[in-house]
Amino acid sequence: MKAKLNNKYVRWGLTTFLVIAAAISFYYFIFHSSNIKAGVGTVMNILMPVVFGLVTAYLLTPVLNFVEEKMLTPLCRKCKLKETPKQKSIIRGIGILITAFLFVALIYMLFSMLISQIVPSVQGLIVNADTYVSNVTHWINQTLEDNPEFSDYITMTLDRFSKQLEEWLNEILPSTAALIRTVSISVMNVLDVLWDFIIGFIISIYVLSSKERFAGQAKKITYALFEKHTANMIIRNFRFTHQTFIGFLGGKIVDSIIIGILCFIGTSILKTPYAVLVSVIIGVTNVIPFFGPYLGAIPSTILIFVVDPTHPLNSVYFVIFILVLQQFDGNFLGPKILGSSTGLTGFWVIFSITLFGGLFGILGMIVGVPIFAVIYAAIKSVINTMLEKKELPKETKEYENVEYVDETGLHQMIVETKSSPKKQHSFSFQIHHKKNNPAQDGESKSYEQEYTNTDDAHSTEEEQKYAIEQRNSSAEENSAKQHI
């Protein structure tokens, strides 16, 4: 059988078959992508409990590691218990129970807060909706009375939109049955998601109990499919990805909880209406980097204004408080918790949120930053490797003032500066020589020349250039002598 596989005609036939199969697959992917998408969607719906379980286990892994390494293992050592496989399994079981209890307690606290605090706030909004509407109407009428020209413009605009609204209602009302059916389907979908989440939580317990075994199997497959160097690089990149995701998501969740608590304290002091509801909105939207504070502050400000439009300063005080709180979060609290978990500048953070938010919605805005951080780090690593092969520096600052690069290295731009009261011209350039002779102790030499003239010297620009050329030629002659 091995001799047949080594036959060149067999290899040609196998290559031809693979090429044709790849071409057919590519054609089907381009022109029948809807069928592929539907098939992938069906498979994902079936495996959704497994997906929930894997994600839950991944998020709970740091908690389990902390419980085992910081609590249970030191306790066993203090009790002078021998480290045996049975003891490790017992520690793992107790750690999983504690982790699961903390997770369920957190979910229970969130739902209890929603039911006890947020639901009454929403009910209060619904009950007092007429009062709030009348307050806003009175404020609008009072404003329009003081500005008659603006009143006429608003009246014309409302008349135009009222006709469009009437036409839209005439189109919507006949489809009430379809609307009720859509709402019923949405309720059933919520129940399905809740059931998938429960099954996923059970799956996550099994994943946590054997997480080292799953990691070992993944490494085993990686070393079996790739060369040692490639496999080591893949595993190292996966470790970096894991640290980036855990560092960012975990830190962002803790940061958002602290911001929500501080917001509740501040709104309570300011006697802001619906302080709990507003604090929850600010804390939840804070998970989204950069845009999150604005997404939470805008509806909260509108809510505060609608509750009491006769006192607009309440909204102004709230906006000022949110700005101060976000400055505290962005300049102090966030860097302390998150540190340099992503390594991205502000522009790339905005870019990643915009890109992944447009592709995947709210979930993309949350996970877009760590995903793009991994992509950015991969591209940076490739670029640095290519620069090392060309014996060029990797630091970006080295290229900010580069005019050109040749076989001798980087050549800096000639900078002309002027100082008063005397006119002073300064020309400087720097040449980095690459390693040409091993006898030079492996060090690259750099030459830096500077020529300065003043009005007292009565030098012309041509004389300055001539002096620079003379110094440059003498430096090259000295370098050639050293090589010889």
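Residues K211 and N65 form a side-chain contact, since some pair of their non-hydrogen atoms from C-beta on lies under 4.5 Å apart. Side-chain atoms of S300 and L277, non-hydrogen and from C-beta on, never get closer than 4.5 Å to each other. At a threshold of 4.5 Å between non-hydrogen side-chain atoms, the residues K86 and I90 count as touching. Contact check for V278 versus F318: side-chain heavy atoms found under the 4.5 Å cut-off. Using a 4.5 Å cut-off on side-chain heavy atoms (C-beta onward), F264 and S268 make contact. Within the 4.5 Å cutoff, no side-chain heavy atoms of F356 are placed close to those of I366. Looking at N286 and Q326, their side chains come closer than 4.5 Å, going by heavy atoms from C-beta outward. Side-chain contact between F328 and L262 is present, with at least one heavy-atom pair separated by less than 4.5 Å.
For the pair P393 and L387, the tightest heavy-atom approach, listed with the atom from each and the gap, is O-CD1, 3.7 Å. Nearest heavy-atom pair across I282 and A297 is CD1-N, 3.8 Å. The two atoms that bring S256 and G283 nearest to each other are CB-O, 3.3 Å, heavy atoms only. Summarising the geometry of S315 relative to T301, their closest heavy-atom pair is OG-O, 3.6 Å, with the distance given to 0.1 Å. The shortest heavy-atom contact between A57 and L208 is O-CD2, 3.5 Å. Closest of all the heavy-atom pairs between N45 and P49 is O-CD, 4.3 Å.
Once rounded to the nearest 0.5 Å, the distance linking CD of E395 with CG of N384 reads 8.5 Å. Residue L54 holds its CG atom at 11.0 Å from CG of L59, rounded to the nearest 0.5 Å. Separating the CG atom in L64 from the CD1 atom in I91 is a distance of 11.0 Å, to the nearest 0.5 Å. In this structure, NZ in K394 is found 9.0 Å from OG in S381, a value given to the nearest 0.5 Å. Summarising the geometry, atom CZ belonging to F321 is positioned 8.0 Å from atom OG1 belonging to T272; distances are rounded to the nearest 0.5 Å. Distance check: L355 CG to I375 CD1 gives 8.0 Å after rounding to the nearest 0.5 Å.
You'll find the ring centres of F245 and Y58 outside the 6.0 Å limit.
For residues 54-72, the pairs satisfying salt bridge (charged side-chain N to carboxylate O under 4.0 Å, His left out) are E68-R92, with sequence neighbours left out.
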Applying side chain to side chain contact (heavy atoms under 4.5 Å, CB included) to I371 and S352, what does each step give before you reach the verdict? CA-CA 8 Å; I371 291 176; S352 60; over 6 Å; no
Would you please test I320 and V316 for side chain to side chain contact (heavy atoms under 4.5 Å, CB included) and show each step? CA-CA 6 Å; I320 295 174; V316 176; 4.0 Å; yes
I would like to know whether I235 and Y223 meet side chain to side chain contact (heavy atoms under 4.5 Å, CB included); could you show each step before the answer? CA-CA 10 Å; I235 293 173; Y223 283 109; 3.4 Å; yes
Could you check F103 against T56 for side chain to side chain contact (heavy atoms under 4.5 Å, CB included), going step by step and ending with a plain yes or no? CA-CA 10 Å; F103 179 72; T56 304; 4.2 Å; yes
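For M233, the CE atom sits in a packed shell: over 12 heavy atoms of surrounding residues, nucleotides or ligands are nearer than 6.0 Å. Few gaps surround CD on E212; more than 12 heavy atoms of other groups in view lie less than 6.0 Å from it.
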Anything under 3.5 Å between a donor and an acceptor, one on a side chain of residues 14-26, the other on a protein residue two or more places apart or in another chain? List them.
from	atom 1	to	atom 2	distance (Å)
T15	OG1	R11	O	2.8
T16	OG1	W12	O	2.8
S25	OG	A21	O	2.9

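Ring planes of F52 and F197: perpendicular class, angle over 60° (limits at 30 and 60°).
When each of V63, L60, I107 is tested with L102 by the rule side-chain contact (heavy atoms from CB on, under 4.5 Å), just one qualifies, namely V63.
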